[in-house]
Amino acid sequence: MDTTIDLPAIITGLQNGRYPKLGSGSGRRVYDLQNGMALKIAKNVRGYAQNQIEAIISEMDDSQLFAKVLFISKDNLYLVMEKAESVTDFSQVLHYFKAVSNRELFQRDDFSYIPRKYNLLLSDLCRPVNWGILNGRPVIIDYGFTGRIKRKYYSFL
């Protein structure tokens with residue numbers, strides 16, 4: 001991970017409205033830093049945990065399947081990752097990898113390890129909003145929602 005990210009300058013840019021908002025989930029807001037990078041800001045404990053998990057997975061995985069985390073703040077509040085273009089339909093991912101179904105895609109050797117190794121949920125990985133296109137190739141851009149995160153923060157008794 002790159003520690004040359006100028007976080008104070010990014011925070012100032014956010015306060016000045018310089019960066020367009022790309023989206024928002026239950027735990028994080030995402031902004032376009034307009035330099036090939038996206039900023040994910042934790043909104044709550046869920047977001048802190050998701051940022052931390054993404055940084056860990058990015059560090060561990062050497063495939064080309066995940067957008068790489070470039071920086072995470074010590075408190076896990078801010079995460080900077082490669083910015084990818086939006087995927088509007090999961091069929092774009094299937095088409096690129098020449099798969100006819102979600103099941104076929106995730107049974108392939110280069111994909112089957114993902115849910116097992118990182119405890120990622122297949123139902124989440126099949127959502128187009130969690131994918132992007134980077135350098136003409138589909139990549140997973142939102143991979144902080146693991147089985148553990150779901151159980152700890154999203155399963156209510």
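Nothing here was measured: the structure is a model prediction, and the numbers come from that model. Numbers here simply count residues along the sequence, with the first being 1.
- Other members of the cluster containing V100 do not exist, because no ILVMFWY side chain is joined to it at under 4.5 Å.
- Under the side-chain hydrogen bond (donor to acceptor under 3.5 Å, both in side chains) criterion, S63 pairs with D61, Y113, not counting sequence neighbours.
- For F111, the ring-ring contact (aromatic ring centres under 6.0 Å, His included) partners at least two apart in sequence or on another chain are F97, F106.
- By the side-chain contact (heavy atoms from CB on, under 4.5 Å) test, N119 is found to be paired with T146, R148, R151, residues two or more places apart in sequence or in another chain being considered.
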Do any side-chain atoms of residues 8-24 form donor-acceptor pairs under 3.5 angstrom with protein atoms, and if so which ones, sequence neighbours left out?
from	atom 1	to	atom 2	distance (Å)
T12	OG1	P8	O	3.0
N16	ND2	T12	O	3.3
S24	OG	K43	NZ	2.9

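- For Y31, the side-chain hydrogen bond (donor to acceptor under 3.5 Å, both in side chains) criterion is met by R29, not counting sequence neighbours.
- Here R108 pairs with E104 under the salt bridge (charged side-chain N to carboxylate O under 4.0 Å, His left out) rule; sequence neighbours left out.
- Qualifying side-chain contact (heavy atoms from CB on, under 4.5 Å) partners for P128, counting only residues two or more places apart in sequence or in other chains: V87, F90.
- Judged as a salt bridge (charged side-chain N to carboxylate O under 4.0 Å, His left out), not a single pair has a partner in residues 92-103 (not counting sequence neighbours).
- With sequence neighbours excluded, the residues satisfying side-chain hydrogen bond (donor to acceptor under 3.5 Å, both in side chains) with T88 are Q92.
- Residues that satisfy the side-chain contact (heavy atoms from CB on, under 4.5 Å) test with N130, not counting sequence neighbours, are D124, R127, D142.
- Under the side-chain contact (heavy atoms from CB on, under 4.5 Å) criterion, N35 pairs with L33, M37, sequence neighbours left out.
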